[in-house]
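Written out below as structure tokens is the structure these notes cover.
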Amino acid sequence: MAVCALISIPLRPAVYASKSFKLDDGRQLMMSWVLETSVGCTEQCTKGTAFTNASGWQGVQTIPRVVTYVAELDELVLYPIGEVEQLRLQTLYQGNITLDQANDSYAIPFTNSSNDGRQLDIVLNITLQAPPPAAALGGHSAFETGITLTHDSLTSTSVLLRGSMGQSNSGVWTVTSLGMFVNRTLTGGATNVTYQEGLDGGAVSLPEGGLALDGLRMRVLVDHSLLEVLANDGRGRIASRIYPLSDHNWTVSLFATLQSAASVCVEAAVFAMESCWVASV
């Protein structure tokens, strides 16, 4: 006898009016509307704001996501449908960067594409390097690493992984705690920094015994005011809204804040994306 259970699928911040359906190939998809959070919004912002009224639009949807069950975590996870990669218009950057306490940031060198950095697919494969024994603090070391989207000389938005790595009795280092966040406190424009105090996100589930140091992955999909952030193949998910004044020349940089002489190697790829909108079918 089949037994069905209701399992929640948290998306931060709240999404609504979600729809789930199955494709002919068996994949289960889900799409949702993402709340407007610009200055002046209350509750679900159904009445709009001065910003949305002036813009002439309100409301965005998430990218269709494949829903799968991970028995190890006893969770449903969601990850963008593979067809999204067909929208990759241009490879802006692909390479490996090492960050440490002496070199804690790196501006990714790419020429702005026709979308001026407002439609991007950013893929990061992250490997943490444990600190040497003499520098480790009781077998634990905190880290924070991610990207900064710079909108102009004064405003930016950060997307980050924050956690700690620990050493087991056998000497093996693993990631023992992990969170993923979007920091909108410096985004500017019509961004409402009082909404969730300007910080979206929360904990990311880890397998029992921790995550291997080379097992961190983060993907950031930038689509104008919508940021969709995913950690570890959809185990962590954020749908966040930003409304900076600048409409062009957004840039991307990597950063890391590391404890105890640790370091991080990032395999990064940045793609310019084209619109999925078509004039006719």
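Ser105 and Ser253 share no side-chain donor-acceptor pair at under 3.5 Å.
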(Q) Go through it in stages, so that I can follow the logic: the residues are Asn192 and Tyr243, the test is side-chain hydrogen bond (donor to acceptor under 3.5 Å, both in side chains), and I'd like the CA-CA distance, side-chain angles, deciding distance and then a yes or no. (A) CA-CA 8 Å; Asn192 186 354; Tyr243 310 89; over 6 Å; no

**Q.** Trace of the side-chain hydrogen bond (donor to acceptor under 3.5 Å, both in side chains) decision for Thr37 with Arg241
**A.** CA-CA 7 Å; Thr37 63; Arg241 305 298 300 279; 5.9 Å; no

Q: Go through Arg237 and Leu78 one step at a time and tell me if the side-chain contact (heavy atoms from CB on, under 4.5 Å) criterion holds.
A: CA-CA 8 Å; Arg237 303 170 298 278; Leu78 293 85; 3.6 Å; yes

Q: Any chance you could lay out the salt bridge (Lys or Arg N to Asp or Glu O under 4.0 Å) test for Glu83 and Arg27, step after step, and finish with the verdict?
A: CA-CA 12 Å; Glu83 285 82 347; Arg27 288 178 294 175; 2.9 Å; yes

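When hydrophobic clusters are built by joining Ile, Leu, Val, Met, Phe, Trp and Tyr residues whose side-chain heavy atoms come closer than 4.5 Å, directly or via intermediates, Leu178 is grouped together with Ile147. Under a hydrophobic-cluster definition in which Ile, Leu, Val, Met, Phe, Trp and Tyr are linked whenever side-chain heavy atoms come within less than 4.5 Å, directly or via other members, Phe255 and Val182 are assigned to different clusters. Side-chain heavy atoms closer than 4.5 Å link hydrophobic residues (I, L, V, M, F, W, Y) into clusters, and following such links, possibly through other members, connects Tyr79 to Leu23. No chain of hydrophobic side-chain contacts below 4.5 Å, direct or via other Ile, Leu, Val, Met, Phe, Trp or Tyr residues, connects Leu199 to Leu226. Tracing side-chain contacts under 4.5 Å through hydrophobic residues (I, L, V, M, F, W, Y), one never reaches Val159 starting from Val193; they form parts of separate clusters.
Atom CG of Leu76 is separated from atom CD of Gln28 by 9.5 Å, given to the nearest 0.5 angstrom. Rounded to the nearest 0.5 Å, atoms CG (Leu216) and OG1 (Thr127) are 8.0 Å apart. Note that SG of Cys265 and CG of Leu128 are 10.5 Å apart. Values are rounded to the nearest 0.5 Å. Put simply, CG on Leu35 and SG on Cys45 are 8.5 Å apart, with the number rounded to the nearest 0.5 Å. Note that CE of Met31 and OG of Ser20 are 11.5 Å apart. Values are rounded to the nearest 0.5 Å. Between the CD atom in Glu274 and the CG atom in Leu89 there is a gap of 5.0 Å [rounded to 0.5 Å].
In this structure the side chain of Glu36 reaches within 4.5 angstrom of the side chain of Trp57, judged on heavy atoms. Here the side chains of Thr62 and Val34 are in contact, with some heavy-atom distance below 4.5 Å. Under the 4.5 Å side-chain criterion, counting only non-hydrogen atoms from C-beta, Ser177 is in contact with Ser164. Side chains of Leu73 and Arg235 form a contact here, defined as non-hydrogen atoms less than 4.5 Å apart. Side-chain contact between Val77 and Asp233: absent, with no pair of heavy atoms (C-beta onward) separated by less than 4.5 Å. When side chains are defined from C-beta on, Trp250 counts as touching Pro244, because their heavy atoms get closer than 4.5 Å. Here the side chains of Asp223 and Met273 are not in contact, with every heavy-atom distance at 4.5 Å or above. Between Leu221 and Leu230 there is a side-chain heavy-atom pair separated by less than 4.5 Å.
A pairwise comparison of heavy atoms in Val15 and Ala239 identifies CG1-CB, 4.3 Å as the closest pair. Smallest separation of non-hydrogen atoms from Thr145 and Ala256: OG1-CB, 3.9 Å. Among all heavy-atom pairs drawn from Leu254 and Ala268, the shortest one is CD1-CB, 4.4 Å. Closest approach of Gln61 to Glu228, counting heavy atoms only: O-OE2, 4.4 Å. Across Met165 and Pro131, no two heavy atoms sit closer than the pair CE-CD, 4.1 Å. Across all their heavy atoms, Thr150 and Ser156 have their closest contact at CA-CB, 4.0 Å.
Under a cut-off of 6.0 angstrom, the local environment of CG in Asp25 is crowded, with over 12 non-hydrogen atoms contributed by other residues, nucleotides or ligands. When the shell of 6.0 Å around CD of Glu197 is examined, it contains 12 or fewer heavy atoms from other residues, nucleotides or ligands.
Note on ring orientation: taking the six-membered ring where Trp is involved, the planes of Tyr106 and Tyr93 are tilted (angle from 30° to 60°).
A cation-pi arrangement, defined by a distance under 6.0 Å to the six-membered ring centre and an angle within 45 degrees of its axis, is present between Arg88 and Phe271. Annotation: cation-pi pair Arg162/Phe143 absent, no NZ/CZ under 6.0 Å from the ring centroid and within 45° of its normal.
For Thr191 (side chain) and Thr187 (main-chain N/O), no donor-acceptor pair under 3.5 Å exists by modelled atom type. The backbone N or O of Leu258 sits less than 3.5 Å from a side-chain atom of Gln101, completing a donor-acceptor pair. Listed for the Asp152 side chain is a donor-acceptor partner under 3.5 Å among the backbone atoms of Thr155. In this structure, the side chain of Gln129 does not engage the main chain of Ser263 through any donor-acceptor pair within 3.5 Å.
Qualifying side chain to side chain contact (heavy atoms under 4.5 Å, CB included) partners for Thr174, counting only residues two or more places apart in sequence or in other chains: Val172, Thr176. Contacts of Asp104 classified as side chain to side chain contact (heavy atoms under 4.5 Å, CB included), with partners at least two apart in sequence or in another chain: none.
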